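Report on the following structure.
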There are 2 protein chains.
Amino acid sequence: MSPKVSQEHMEQRRADILKAAQEVFIEHGYERATMKHIMDAANISRGGLYQYFSSKEAVFETILEESLAMELDETLDMVKENATSYWDMLMKIIFGEDGEPDDDMDPLSPAKLEFFIIGRNDDHRREYGKVRYNNGLKIYATIIEHGQKSGEFSPRFDHQIIARSIISFIDGLAVEHAMLSKEDLKIKEQSMLFVEYLKLALGISGRD
Amino acid sequence: MSPKVSQEHMEQRRADILKAAQEVFIEHGYERATMKHIMDAANISRGGLYQYFSSKEAVFETILEESLAMELDETLDMVKENATSYWDMLMKIIFGEDGEPDDDMDPLSPAKLEFFIIGRNDDHRREYGKVRYNNGLKIYATIIEHGQKSGEFSPRFDHQIIARSIISFIDGLAVEHAMLSKEDLKIKEQSMLFVEYLKLALGISGRD
DNA sequence: TAACAAAACGACACTAATGTCGTTTTGGTT
DNA sequence: AACCAAAACGACATTAGTGTCGTTTTGTTA
């Protein structure tokens, strides 16, 4: 027997394809990206690409999985190393490491929106979107619930609804990020106002 | 000379096509809807349809124009007949006639999201989206600005940013409305929480 | 260095949509 | 009733993408 090409080589190639595909999805969005774009970007032939991924959807879902896994890791790290307060935890999960709003957004988010909005009538995609939504919901809802139980947050509003409003806020920004050019956006200012909203909802007195 | 078919007949046909097309876009969304779907729904042939509209994009933009004109009319009516308070005005514009949050949303909004998000790299579509965004922004921003000047609202936050957060909130809900099934949605509750947010931002003391 | 499994290739058949154009039908005018 | 402009029709050519499959290349093993 002669195991032709090493395992690592294939994994490397696969990773290269995914990286190239991610660039393609960022540039063209999901719907207008084609397998041809990915082939060109990854310097691989049609047949070669199909040996790794059976469709554009498969490529994209793999990217989604991997980025979700990364985010989850980061989130867990944050939660561990920051046993300070639930509020800080929340801010870090929403705005990233420094817990402060800025003008950056996930460059892949427009493609993600497309993927789920257009696929809303596919059973598979719908279910998949629902699972992702519920995962996100659970992360926020759990932190808020704990914060409320500990007395750090006011129990005035239902933690589930607040969690939903956080996700919905991020989605709303993602829509604007997709549609408007950088000059027309005010991501940071809107985020800062949202933080004020959240302080109200959670009964956080104005600190910082 | 014999002016073959009456003007009214053509206008009627055109209106019928648009109505049928709207149903198609609601059912399939923008991207997956085809001219064939519209032909079937409107009971018209390929050639016939193309005599009225040169492309799917043209059909959809016509629907957008007409629904925007309607909304604008309604908004103006509300503003006129409700010289009561800027707050009431705002609630009516956001939530419709009764000014109260409910679980309904524009059934066409998922298709609209698709249209603008996918077309974000087309110059024409991008420009068109920007104009629509700015129109919406202006309506909210103007009311808030007036309310602030009149003393009804607190001037604490910039009226533009609050206006943006309203649009972004609606967009965020639209995304969830597109992705989740009715049972999984909490449109009304989220809207009620958003109203609380707005009361904070505008310094409205808890009434109603 | 010969053998060969499988990785990579790219031509091809297929599909689903678009927009056009020559023909047929329609219904108001004379 | 005959006329005829234009509304409606539907077959067709075209385009852009997908996924397959037989062939070629590659590089590790023996």
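Quick caveat, the model's predicted, so the values are computed rather than measured. Residue numbering restarts at 1 for every chain, and letters A, B, ... go by the order of the sequence lines.
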Once you round it to whole Å, what is the distance between [atom2] of [N] and [atom1] of [X]?
X: B/Gln12; N: D/dA7; atom1: CD; atom2: C1'; result: 15 Å
X: B/Lys56; N: C/dA16; atom1: NZ; atom2: P; result: 16 Å
X: B/Arg14; N: D/dA7; atom1: CZ; atom2: P; result: 13 Å
X: A/Met35; N: D/dT20; atom1: CE; atom2: C1'; result: 13 Å
X: A/Lys36; N: C/dA11; atom1: NZ; atom2: C1'; result: 14 Å
X: A/Glu31; N: C/dA16; atom1: CD; atom2: C1'; result: 14 Å
X: B/His28; N: C/dA16; atom1: NE2; atom2: C1'; result: 15 Å
X: B/Met39; N: D/dA11; atom1: CE; atom2: P; result: 13 Å

Does the pair [X]/[Y] count as a salt bridge with the N-to-O cut at 4.0 Å?
X: B/Glu127; Y: B/Arg132; value: no
X: A/Asp40; Y: A/Lys36; value: yes
X: A/Asp158; Y: B/Lys186; value: no
X: B/Glu196; Y: B/Lys199; value: yes

Between N or O atoms, less than 3.5 Å apart, protein on one side and nucleotides 8-10 of chain D on the other: list the pairs.
{"residue": "D/dA8", "atom": "OP1", "partner": "B/Arg13", "partner atom": "NH1", "Å": "2.9"}
{"residue": "D/dA8", "atom": "OP2", "partner": "B/Tyr52", "partner atom": "OH", "Å": "2.8"}
{"residue": "D/dA8", "atom": "N7", "partner": "B/Gln51", "partner atom": "OE1", "Å": "3.1"}
{"residue": "D/dC9", "atom": "OP2", "partner": "B/Ser45", "partner atom": "N", "Å": "2.7"}
{"residue": "D/dC9", "atom": "OP2", "partner": "B/Ser45", "partner atom": "OG", "Å": "3.1"}
{"residue": "D/dC9", "atom": "O5'", "partner": "B/Ser45", "partner atom": "OG", "Å": "3.2"}
{"residue": "D/dG10", "atom": "N7", "partner": "B/Gly47", "partner atom": "N", "Å": "3.3"}
{"residue": "D/dG10", "atom": "O6", "partner": "B/Gly47", "partner atom": "N", "Å": "3.2"}

(request) Kindly give the heavy-atom pair with the smallest separation between B/Ile204 and B/Trp87, and that separation in Å. (result) CG1-CE3, 3.8 Å
(message) Can you identify which nucleotide, out of C/dG19, D/dT18, C/dA17, has its nearest atom closest to the B/Thr34 side chain?
(response) C/dA17
(request) Verify the distance criterion only: is there a donor paired with an acceptor across the side chains of B/Tyr197 and A/Ser165 at less than 3.5 Å? (result)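 On atom types as modelled, these side chains qualify, holding a pair under 3.5 Å.
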